[in-house]
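These notes are about the structure you will find just below.
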There are 2 protein chains.
Amino acid sequence: MRYLTTGQLAKEAGVNIETIRYYERRGLLPKVPRRASGYRQYPPDMVRRIRFIKHAQALGFSLKEISELLSLRLDKNTPCYEVKRRAEAKIKDIEEKIENLKRMKKALARLTSACSGKGTVLDCPILEALDN
Amino acid sequence: MRYLTTGQLAKEAGVNIETIRYYERRGLLPKVPRRASGYRQYPPDMVRRIRFIKHAQALGFSLKEISELLSLRLDKNTPCYEVKRRAEAKIKDIEEKIENLKRMKKALARLTSACSGKGTVLDCPILEALDN
DNA sequence: CTTGACCCGGTACCATACTACAGGGTTTAT
DNA sequence: ATAAACCCTGTAGTATGGTACCGGGTCAAG
């Protein structure tokens, strides 16, 4: 079985079948060729694309931003400097996210170490994180 | 001026005034004392709390999860080991997010370096990021 | 002591990202 | 060859996280 139907793809990727069709409408998945019956024919590696979308969402990217990430592929229609500019902007976004996560982690780590010794502690260090 | 009104707090924190009341309803902000007129009286450091919420959201935490993070404060009603356990679970979440972001960043960096050299590249490296 | 800017609760509406369902056709295993 | 299990489009409904508006009361500067 070379190609996956919509339902098989959904199952493989661990999402609802409607999500697949929704992503196609949103342009996050390409419009793949159909059988004579109208059934979509997905190449098996489309699973990776859906998983990518799901992971990126968990990292705080909107579907619109994920579209942008996915469109950062090099083709003959997009000039090289443009792709590069967009990719670099995204890298900056990502670096900021990483910094914020590190601050959060630090605050939580401080909390746990404060916690490990005694039975109770008075104040909460967590709010100290992420104060710009 | 010791206390902030809802509007002042919103302005300081850079959010809509309705958001403040919404967060109160959701339990993300405490029910603060009121003036005789019914006006809320916020201590100035409540600004930090709102900023924390906003940052955490941008990192992919839902308001529900942020509630959980905020409830990781040590009080006499929560046993220490429980707070610790929850904080450590959140730290693990955060570490995973950081790892995923690093993978994404790496993929994008590879894309930009591929771009600077030649004219075109065939496949999209970003999908390789975040493949579990 | 008024007038414009603010606050109140309550309700309704909005965008995003799905999810369900209706009504109909298709595939596949028995 | 027929029933269960699938797919199609289109439309409607849901959850989350706000945002807007209403009718009314409050505050503070002139």
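Here is how names work: the chains are called A, B, and so on, in the same order as the sequence lines, proteins then strands, and each is numbered from 1. Side-chain atoms are counted along with the backbone in the values below, which use heavy atoms only and exclude waters and symmetry mates.
Atoms CG (B:L9) and C1' (C:dC6) sit 15 Å apart, rounded to a whole Å. If you measure from atom CG of B:L4 to atom P of C:dC6, you get 15 Å, rounded to the nearest angstrom. Between B:R21 atom CZ and D:dC22 atom C1' the separation is 12 Å, expressed in whole Å. The CG-P distance, from A:L29 to C:dA17, rounds to 14 Å in whole Å. The distance from atom CZ of B:R40 to atom C1' of D:dC27 is 17 Å, rounded to the nearest whole Å. Residue A:I20 contributes atom CD1, which lies 16 Å from atom P of C:dA17 at whole-angstrom precision. Summarising the geometry, the separation between CD1 on B:I17 and P on C:dA5 is reported as 15 Å, rounded to the nearest angstrom. If you take CD of A:Q8 and C1' of D:dC8, they are 16 Å apart, rounded to a whole angstrom.
Of the listed residues (A:L70, A:T19, A:I50), just one forms a side-chain contact (heavy atoms from CB on, under 4.5 Å) with A:L28, and that residue is A:L70.
You won't find any donor-acceptor pair under 3.5 Å spanning the side chain of A:Y39 and the base of D:dC8, going by distance alone.
A salt bridge is absent between B:E68 and B:R86: the closest approach of a Lys/Arg side-chain nitrogen to an acidic carboxylate oxygen does not fall below 4.0 angstrom.
Taking side-chain N and O atoms only, A:T6 has a distance below 4.0 Å to OP1 or OP2 of D:dC8. Between A:S37 and D:dC8 there is no side-chain polar atom (N or O) within less than 4.0 angstrom of OP1 or OP2. Between B:R35 and D:dT26 there is no side-chain N or O to OP1 or OP2 distance below 4.0 Å.
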Per-nucleotide protein contact string for nucleotides 13-19 of chain D (B base, S sugar-phosphate only, - none; heavy atom under 4.0 Å): ----BBB
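Looking at which nucleotide of DNA chain D each of B:A36 and A:G38 is closest to, the 5′-most match is held by A:G38.
Under 3.5 Å, the side chains of B:Q8 and B:K11 contain no donor-acceptor pair of N or O atoms.
In terms of hydrophobic clustering, with Ile, Leu, Val, Met, Phe, Trp and Tyr side chains grouped at heavy-atom distances under 4.5 Å, A:L29 and A:I17 are assigned to different clusters.
With a 6.0 Å cutoff to the six-membered ring centre and a 45° limit on the axis angle, A:K90 does not count as a cation-pi contact of A:F61.
Listed for the A:E88 side chain is no donor-acceptor partner under 3.5 Å among the backbone atoms of A:R85. With B:K105 contributing its side chain and A:I94 its backbone, the two residues share no donor-acceptor pair below 3.5 Å.
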